[in-house]
Structures are given as C-alpha cells and as structure tokens.
Amino acid sequence: MFRNLNLRSDFFRSVMVLTSGTVIAQVLSYAVTPLITRLFTPEDFGEIGVFMRIVSFLAAIGTARYELTLPLPKYQGHAFLLFRLSVRIALWMVLLIIGGGLLYWLFTGLKNYTLFYFIMIAGATFFAVFKNIGTNWAIRTKAFKRISSSNILTAVSTNGLKLIAGLYGFGVPGLIIATVIGSLVGAVVYLTDYLKNKKKKIFERSDKRIYALSRQYREFPRVNLPHTLLDGARELLIAFFVVEIFSRSFFGSYDLSFRMLKLPLVLVGVSLGQVFYNKCSVLYANREALFPFLKRTTLLLTVISVIPFTIIFLFGEPIFIWVFGEKWGLAGKISEILSPWLMVNFIASPISTLPMIIGRQVLFFWLGLISTAIQLIGFGFVPLVIFDGSIDELILIRWISYTMTAYLVIVTVIKLKITVDSDQKRVVT
C-alpha cells in the first residue's frame, strides 16, 4: 500500500523533524498531566478549559487569517510584509480586548479578578497569535527545527508552572498564569527571528505594498475568517452549554477526554498537516497532481489511527482511572464514546487546508456550517428544547459523536473527489 512512499523525500524528512519536536513536547505534557490531574479537580479543569476556548477563539481570528498566506507568495519580501500585517492586526486585537476588559471592570464594581482575567486573555491571545504567525513563516522558510523548539519550550514552561501552581495551591489563577507564561516562552523563539528580519533591507516596511497584498489575499478574511469564526464560536458555545446545562465539573471531564483523544493529532497530524500545506502549495503552483499525494497521506493516517483509538474505544474508563486518578472515571467513559469521532477527525484534519489551496473555500465554509449546526443542535437545542435539560449527558454525547463520525467521513470523500476534479482541470500533461 505504501510502496510509492519515498521515506527519504524532503516531505518525510520535514515531517520527522517536526514530529520529533512535537513528540518531545507532547510526551512532556502528557507525562506531567497525571500529576496535574491529581492536584486539581474536574471543576478546575472546566474553568481553565473555558478560558482556553476563549483564547483559542480570539487567537484564531487575531490576524483575520492572513497568517495562512505566508507560505503562498512567490517573493520572500512579500511574505514578510504579510507577516507585518498579521502582527499589526494582532496588536489591534489585544488593545480591543484590554480596552473592553477595562470598561467592563469599571462598570461592574472594580472587581480585581475580572480585570486580571481580561489581561490574561489578552496576553495569552497575543502570544498564541504570534506563535501561529511565526509557525507559518517557519513553514515557508522550512525552518522546521524552530517550530519544534517553540513547541518544546512551551510544553516545558507551561507544565512546569502548572505543577508549581498545584503544589502551592494557587488554583485556577495559577493554571491561567502558567498558560500565559508558557505561550510567551513559545512565542519568543519566533519573536527573535522577526526582529532580526525587520532590520534587513529586503524586508523593509512598505504600507502601500502591505495594502496591495491585503487586497490580493482578501479571500482569506472574506471566506476563511467566517469559517474560523464559526469553529471558534461553536467550541465556545459548546463549553457554555455543557457548563450551564450539566456542570463545570462535567465539562472538565469532557475537556480532558477531548484533549487526550487529540493526542495522535498533536503528535503526528499537526506536524504532517503543516508540511502537507507547504507541499501541496508547491504542487499546485507547479500544476502537478495533488490527488496521489493526498491519497497516500490519508491512507497513512488511517493506519496510524486504528490501534490507539480502538484501545480507547474498548478500555477508556479503566485507562483514565489508572492514569489520571479515581475522580477521572467519567472522563474515561466519555473518551470511549468520542473515540470514533476523534479518529475520523485525526484522519481528516491535516487535509483541512486543501480548500485554501485549490480555491474551494466557499464550499467548505458551508460544509463547516453544517458541522457547526450538528454540534450546536446536539449540545444546545436537543437538551434544552426537546428534553428540557433532563437528558442523560452520556447518551447525548454518544449521539453527537456517531453523527459527527458519519458526517466527517462524507466530507473527507468530498475532498478527495474535488481534488480529482481540480487535477483534471489544471495539471499539465
């Protein structure tokens, strides 16, 4: 099945560089997680989970998606101007968060924790955004070791500080501060490179060119940004629904389960997806076929995913109790239910950038809208309107998981079909 895979190719060497750094970072994170789960409660995890979803939402829209354009321009100078544009938009985002937080703090009785919360959100958002921008610049320049270094430093600092916060009883504020500092450390790797490049004549600032490039790639904020807004808003609303309908503790268990099941995606899928985007961009620019490469990638991810997700599907609850402690048995039950969904998501995620390359973002915006509708109806409308808040939470999650599994399979087939059609129209023979 994999006889056509060239294990000595630039693609696989790049994947190995990225994966090795990501594996080290995630092994550190997951090795420490069983200690952290014994120092904090599911309710604590629920609160930091909501915080992280707010930050993820803001970080995803913090550059209007211009960071995704960095690998695309032919000229290096144009790509760096898009880097500058992305940073500029991110800074405005941070100022808006802090300004809005200050106003909210003033009009709600000067509650210190509220202002602290907004400042932490602003800091975590900017560092996460800058890390995203830097990652895409590193993808363009093939500086994959820089991405690995950033991931490792983030993991070490974040989890080390979380352990200290737990041991000294700092609670949720300690978890938040640890997260912000970890994001800062990871962003510094890219910040030093950015400041060095700013001084080069080839990368000198030009507001006119920045404006022209923003117009050239306006499809990203016009089409990709609404898609991202939908995804981020969906995750936020799911968090709020679960917390309000069930409990913060249940959301903490759900969030831990969801994150643990994304382990294969984090270890392999993200790194492969970053290189996949770069490779497909080159193939597309050279009018070469994308489908053979896409097919091999999909088959590879399918093989990688079968064993770990099957084990979780069969033995999730005892594994979670043994690894994370007695109070996380519910998270284990949830992991069993979510495993089919997350397996298909793992297989499909690296090819999610394909629509941006072949110019089919509008279609996939609508497909994303359907995905969002399925999940919001499942987590919000069904329990609140149909069952008046009385439905069993595990039954609800089971139906959502199986529905999303089927839907993602359909979307993956559509992507494969559209790629074939694209190849037939543009490949030079």
Side-chain angles (χ1 to χ4, degrees), residues 18 21-22 24-30 32-33 36 40 44-45 47-63 65 67-68 70 83 86-98 101 115-139 143 146-166 170-195 228 231-232 235-236 239 255-256 259 262 265-266 270-271 274:
L18 270 175
T22 304
I24 293 171
Q26 294 305 318
V27 165
L28 289 170
S29 297
Y30 286 100
V32 173
T33 298
I36 296 174
F40 296 93
D44 294 334
F45 269 65
E47 191 163 343
I48 189 64
V50 172
F51 174 86
M52 287 307 303
R53 292 197 179 205
I54 293 172
V55 170
S56 296
F57 171 68
L58 294 172
I61 65 174
T63 63
R65 307 307 282 163
E67 84 277 10
L68 296 176
L70 267 61
F83 197 146
S86 301
V87 172
R88 188 179 300 177
I89 297 172
L91 288 172
W92 278 107
M93 164 76 78
V94 169
L95 290 175
L96 287 172
I97 295 171
I98 294 176
L115 184 59
F116 163 81
Y117 198 78
F118 273 98
I119 291 174
M120 291 295 102
I121 287 175
T125 298
F126 179 75
F127 300 139
V129 167
F130 200 91
K131 194 168 182 286
N132 289 341
I133 302 170
T135 297
N136 280 279
W137 177 256
I139 290 171
R146 189 174 297 126
I147 299 174
S148 295
S149 298
S150 175
N151 290 336
I152 293 171
L153 288 171
T154 300
V156 170
S157 54
T158 301
N159 290 285
L161 290 171
K162 283 182 178 179
L163 275 177
I164 293 173
F170 293 149
V172 175
L175 286 174
I176 292 174
I177 292 172
T179 301
V180 175
I181 295 177
S183 297
L184 167 62
V185 172
V188 165
V189 173
Y190 302 113
L191 180 61
T192 54
D193 183 60
Y194 173 70
L195 294 176
T228 304
D231 289 344
E235 295 304 312
L236 262 182
D255 194 54
L256 176 69
R259 287 190 294 110
K262 282 197 169 183
L265 178 61
V266 172
V270 171
S271 299
Q274 290 167 345

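Taking the side chain as every heavy atom from C-beta outward, W137 and Y194 never approach each other to under 4.5 Å. No side-chain heavy atom of Y190 sits under 4.5 Å from any side-chain heavy atom of I133. I177 has its side chain out of reach of L161: every pair of non-hydrogen atoms, C-beta onward, lies at least 4.5 Å apart. Residues I139 and I147 are in side-chain contact: their nearest non-hydrogen atoms beyond the backbone lie under 4.5 Å apart. Within the 4.5 Å cutoff, the side chain of V188 has no heavy atoms near those of the F127 side chain. Using a 4.5 Å cut-off on side-chain heavy atoms (C-beta onward), L256 and T33 make contact. Side-chain contact between L95 and L91: absent, with no pair of heavy atoms (C-beta onward) separated by less than 4.5 Å.
Atoms CD and OH, from E47 and Y117 in turn, are 6.5 Å apart once rounded to the nearest 0.5 Å. The line from CD1 of I152 to CD1 of I24 is 4.0 Å long, rounded to the nearest 0.5 Å. For the atom pair CG (L191) and CG (L184), the distance works out to 9.0 Å, reported to the nearest 0.5 Å. Atom CD1 of I98 is separated from atom CD1 of I119 by 7.0 Å, given to the nearest 0.5 angstrom. Between atom CE of residue M120 and atom OG of residue S183 there is a gap of 11.0 Å, rounded to the nearest 0.5 Å.
For D231, the salt bridge (Lys or Arg N to Asp or Glu O under 4.0 Å) test picks out R234, with sequence neighbours left out. For the side-chain contact (heavy atoms from CB on, under 4.5 Å) test, residues two or more places apart in sequence or in another chain that qualify with V32 are I36, N159, L163. With sequence neighbours excluded, no residue satisfies side-chain hydrogen bond (donor to acceptor under 3.5 Å, both in side chains) with T125. With sequence neighbours excluded, the residues forming a side-chain contact (heavy atoms from CB on, under 4.5 Å) with V189 are R146, S150, L153, listed by chain and number.
Closest approach of V185 to S157, counting heavy atoms only: CB-OG, 3.7 Å. When all heavy atoms of F45 and I48 are compared, the pair lying nearest together is O-CG2, 3.3 Å. Contact between A165 and F40 at its shortest, heavy atoms only, is C-CZ, 4.0 Å. Looking at every heavy atom in both residues, I89 comes nearest to T63 through CD1-O, 3.5 Å. In plain terms, the two heavy atoms of V129 and G62 that are nearest each other are CG2-CA, 4.1 Å.
Judged by distance alone, the side chain of T158 and the main-chain N or O of A155 form no donor-acceptor pair under 3.5 Å.
Listed by first and then second residue, the salt bridge (charged side-chain N to carboxylate O under 4.0 Å, His left out) pairs that reach into residues 123-135 come to none, sequence neighbours excluded. Contacts classified as salt bridge (charged side-chain N to carboxylate O under 4.0 Å, His left out) and involving residues 51-61 (residues at least two apart or in different chains) are given here: R53-E235, R53-D255.
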Q: Using the side-chain contact (heavy atoms from CB on, under 4.5 Å) rule, take S86 and L70 through it: C-alpha gap first, then chi angles, then the decisive distance, then the call.
A: CA-CA 10 Å; S86 301; L70 267 61; 4.3 Å; yes

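In this pair, F130 and F83 present their aromatic rings tilted. The plane angle is within the 30 to 60° band.
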